[in-house]
Amino acid sequence: MPALCSPLSLLLLRNRSGAGGKLLSRCLALHSPCGSGFPPKRHPANRNRAPLPRVSAAGVSSDSSAAGGNLTSWLWSVYNETKRQTEDLIPVISNNFVNPDTIFANNEMSLQDIEIYGFDYDYTLAFYSSNLHTLIFNIARDILIQEHRYPEGLKEYEYIPDFVVRGLHYDVQKALLMKIDAFHYIQLGTVYRGLHPVSDKEVIAMYEGCHVPLEIMSDFYGKSSHGHTMKQFMDIFSLPEMTLLSCVNDYFMKHNIDYEPVHLYKDVKEAIGDVHVKGIMYRAVEADIEKYICYGEQTHAVLRKLSENGKKMFLITNSPLDFVDRGMNYIVGKDWRDLFDVVIVQADKPSFFNDRRKPFRRVTDKGVLLWDRIHHLEKGQIYKQGNLYEFLRLTGWRGSKVLYFGDHIYSDLADLTLKHGWRTGAIIPELRKEIKIMNTEEYVHTMTWLQSLTSLLEHMQVHRDPASQAVIQQWIREREDMRSQAKDIFNSQFGSLFRTYHNPTYFSRRLSRFADIYMASISCLLNYDLKHTFYPRRTPLQHESPSWPEQTSTGAMNIPFQSQQAGSE
């Protein structure tokens with residue numbers, strides 16, 4: 001995994017010349033990595049400034065005249081100077097905004113090597129409006145009341161669109177929803193019981209700290225089974241499920257109802273499953289498709305571009321034929337099947353990638369299952385179930401010449417990259433919103449000062465006298481406040497999908513492992529020609545010196561895409 005959070009000096013590596021270079025020189029001088037913290041060598045950029053007092057490793061000023069013998073005054077002067085220079089740095093960083101339509105690489109990959117493109121359907125080819133989550137929530141809530149005999153009072157709860165984010169963990173036995181980082185540590189301030197936060201003190205007491213042991217976390221696919229007590233919600237469709245769990249927990253606590261959290265989790269899971277399995281959601285979407293599916297003009301353009309360039313394409317989805325056909329007719333047109341060499345519905349992923357026992361069955365246009373043995377996967381036909389091993393045998397599509405896109409990191413991508421060597425592309429719709437937030441002045445200002453303050457704390461902690469430590473503690477409290485502010489910019493309950501404070505989330509860790517590339521939607525492919533090579537950034541490891549300019553993904557930092565230039569395909 002790439003190293004995290006470069007210091008302030010690294011932020012300016014690509015701006016060595018001009019005003020950026022002067023700021024870099026000053027910041028490098030100000031934050032000298034020597035053991036005593038200060039002061040560094042005089043730099044030409046500093047010649048017009050009064051020298052800072054020299055401080056020994058023991059934390060005592062060796063230049064009492066410079067700061068009047070008052071080390072705390074000196075610390076605050078360094079703080080104010082750092083803050084001033086950070087303010088000067090904001091315009092430099094603000095100019096380097098990230099393009100939301102960029103495709104980001106975890107692993108080097110060339111589209112020139114890709115001959116076959118595969119797709120999931122939901123949230124890959126078809127994108128849904130927020131109305132669908134409201135629909136799923138309302139139907140599952142009513143199922144709990146009508147079929148599981150839950151209190152009628154639950155009808156007072158409506159879906160809360162911005163309450164949860166994807167990738168959260170749910171402690172089934174403790175009825176707690178939380179965000180966990182890549183090192184299995186709970187992010188304090190993001191633990192909720194019902195609709196209300198749980199205090200840090202209570203969380204630490206329950207878990208004897210903030211670490212969640214591997215043995216109680218979810219299995220490989222994020223499920224809670226075989227004695228595991230954690231469930232990770234990786235599916236975009238799980239947003240209404242998490243919200244419903246929180247609302248029902250809230251109702252029981254508000255009305256002092258004694259309940260078993262395990263039963264509640266299983267009932268909500270079953271109710272949400274019924275919305276899909278019984279076809280309730282499918283029928284509702286088909287009846288009012290414009291309300292629930294976002295028009296897919298760009299999806300059609302991507303498929304047409306691949307087809308015109310001689311690429312083979314296939315579709316593997318867990319959704320039923322009628323639902324997919326209705327949606328693809330709306331998104332692409334009635335001839336959508338002509339674009340695909342193979343179409344597989346109700347595939348039952350992730351079992352599709354592992355269970356060799358299920359053979360393919362051909363499905364007629366009227367949904368009738370035929371009994372004949374499948375010897376070839378024919379273009380224009382629809383197949384149900386099956387398994388990947390049979391798919392590989394019948395098509396011969398193996399290895400890194402295949403690129404498959406999906407939104408579920410576990411069910412869609414994990415097995416393909418680990419066991420079969422396919423290239424994988426993760427579709428992360430939330431990415432576009434988060435990048436737009438990252439491009440705002442508020443976020444740039446907050447994060448730049450947070451980085452500077454963290455670097456300042458790292459160097460100034462060598463001063464152990466009580467007066468200096470009192471100053472340091474004020475900075476630590478300010479840093480904690482700023483970290484909370486940064487979290488709230490994305491989501492006031494759980495923060496960013498990708499970070500827990502400075503660490504990547506558990507979601508990010510799996511994304512970096514199972515996806516060669518990731519993007520907000522497949523429409524991002526329109527910005528690249530089909531010979532483009534994606535290069536991951538060489539972010540310095542923690543023990544490496546940041547001595548080279550930071551690489552950026554093509555187009556990520558406001559650079560024109562190659563495909564927008566003359567002569568591109």
Side-chain angles (χ1 to χ4, degrees), residues 1-2 4-6 11 93-106 123-124 127-130 133 160-169 178-182 187 189-190 232-239 242-243 294 405-409 425-448 450-451 482-512 514-515 517-524 527 536-537 539 550 552-558:
M1 179 175 295
L4 309 173
C5 287
S6 56
L11 293 175
I93 299 176
S94 296
N95 287 333
N96 293 324
F97 64 86
V98 178
N99 191 323
D101 291 322
T102 300
I103 295 178
F104 302 92
N106 292 319
Y123 287 106
T124 300
F127 286 83
Y128 300 96
S129 70
S130 59
H133 291 166
I160 310 170
D162 299 318
F163 181 68
V164 296
V165 298
R166 193 156 50 124
L168 299 178
H169 280 79
M178 68 191 74
K179 189 162 74 168
I180 296 178
D181 73 9
Q187 181 179 358
T190 68
Q232 188 181 18
F233 291 99
M234 298 292 276
D235 192 347
I236 301 178
F237 281 128
S238 66
L239 297 179
M242 286 186 278
T243 306
C294 302
F405 292 95
D407 68 289
H408 198 301
I409 297 172
I427 304 300
I428 314 292
E430 302 95 331
L431 186 63
R432 181 169 277 111
K433 177 182 177 182
E434 293 219 2
I435 289 176
K436 288 180 179 179
I437 291 174
M438 291 165 56
N439 287 337
T440 62
E441 182 179 350
E442 178 187 10
Y443 179 83
V444 171
H445 187 280
T446 300
M447 293 308 300
T448 306
L450 181 58
Q451 291 283 78
M482 292 189 67
R483 291 169 81 185
S484 295
Q485 292 171 20
K487 173 181 76 70
D488 293 345
I489 292 175
F490 293 98
N491 176 281
S492 57
Q493 289 76 235
F494 301 100
S496 168
L497 171 65
F498 301 97
R499 280 202 184 272
T500 57
Y501 291 141
H502 54 280
N503 283 342
T505 58
Y506 196 83
F507 177 92
S508 290
R509 180 181 184 179
R510 312 315 277 172
L511 173 65
S512 66
F514 299 141
I517 56 175
Y518 66 98
M519 64 210 78
S521 72
I522 63 166
S523 64
C524 297
N527 298 312
R537 304 183 199 178
T539 308
E550 181 183 358
T552 58
S553 300
T554 301
M557 310 304 289
N558 197 25

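FYI, side chains are in, hydrogens and waters are out, and symmetry mates aren't considered; it's all heavy atoms of this structure. Keep in mind that this is a model prediction, so the values were computed, not measured.
The distance between the ring centers of Phe490 and Phe498 does not fall below 6.0 angstrom.
Ser496 meets the side chain to side chain donor-acceptor pair (under 3.5 Å) test with Glu434; sequence neighbours excluded. Listed by chain and residue number, nothing satisfies the side chain to side chain donor-acceptor pair (under 3.5 Å) test with Thr440 (two or more places apart in sequence, or in another chain).
When atom types are taken as modelled, the side chain of Asn106 and the backbone of Ala515 share a donor-acceptor pair closer than 3.5 angstrom. Distance alone, capped at 3.5 Å, places no donor-acceptor pair between the Thr500 side chain and the Ile180 backbone. For the pair Asp235 (side chain) and Ser238 (backbone), a donor-acceptor distance under 3.5 Å is absent. A donor-acceptor pair is defined here as one N or O able to donate and one able to accept, closer than 3.5 Å; such a pair exists between the side chain of Gln493 and the backbone of Phe163. With hydrogens and angles ignored, the 3.5 Å screen pairs no side-chain donor or acceptor of Thr448 with any backbone N or O of His445. Although no hydrogens or angles enter the test, the distance criterion places no donor-acceptor pair under 3.5 Å between the side chain of Ser492 and the main chain of Asp488.
In this pair, Tyr123 and His133 present their aromatic rings tilted. The plane angle is within the 30 to 60° band.
Between the OG atom in Ser130 and the CG atom in Leu239 there is a gap of 11.0 Å [rounded to 0.5 Å]. Note that the CG atom of Asn527 and the CD1 atom of Ile103 stand 7.5 Å from one another [nearest 0.5 Å]. In this structure, Ile517 CD1 and Thr102 OG1 are separated by 12.0 Å, a value rounded to the nearest 0.5 Å. Here Glu430 contributes atom CD and Ile437 contributes atom CD1; the two are 11.5 Å apart, rounded to the nearest 0.5 Å. From Lys436, atom NZ reaches atom CG of Leu431 across 11.0 Å, with rounding to the nearest 0.5 Å. Atom CZ in Arg510 sits 8.0 Å away from atom CE in Met234 (nearest 0.5 Å).
The ring pair (Phe, Tyr, Trp, His ring centres under 6.0 Å) with His169 is formed by just one residue from the set Phe507, Phe233, Tyr506; it is Tyr506.
A pairwise comparison of heavy atoms in Cys294 and Ser129 identifies SG-N, 3.9 Å as the closest pair. In terms of heavy atoms, Pro429 sits closest to Arg166 at CD-NH2, 4.0 Å.
A salt bridge does not link Arg499 with Asp181: every distance from a Lys NZ or Arg NE/NH1/NH2 to an Asp or Glu carboxylate oxygen is 4.0 Å or more.
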**OP:** Walk me through it: do Gln187 and Asn503 pass the test side-chain contact (heavy atoms from CB on, under 4.5 Å)?
**Re:** CA-CA 10 Å; Gln187 181 179 358; Asn503 283 342; over 6 Å; no
**OP:** Could you please spell out the steps behind the side-chain contact (heavy atoms from CB on, under 4.5 Å) verdict for Ile489 and Thr446?
**Re:** CA-CA 10 Å; Ile489 292 175; Thr446 300; 4.3 Å; yes
Subject >> Worked check of side-chain contact (heavy atoms from CB on, under 4.5 Å) between Ile427 and Ile522 >> reply: CA-CA 7 Å; Ile427 304 300; Ile522 63 166; 3.5 Å; yes
**OP:** Test side-chain contact (heavy atoms from CB on, under 4.5 Å) on Asn96 and Ile93 and set out the steps.
**Re:** CA-CA 5 Å; Asn96 293 324; Ile93 299 176; 5.7 Å; no
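Looking at Arg432 and Pro100, their side chains come closer than 4.5 Å, going by heavy atoms from C-beta outward. With contacts defined as side-chain heavy-atom distances shorter than 4.5 Å, the pair Phe104/Val98 qualifies.
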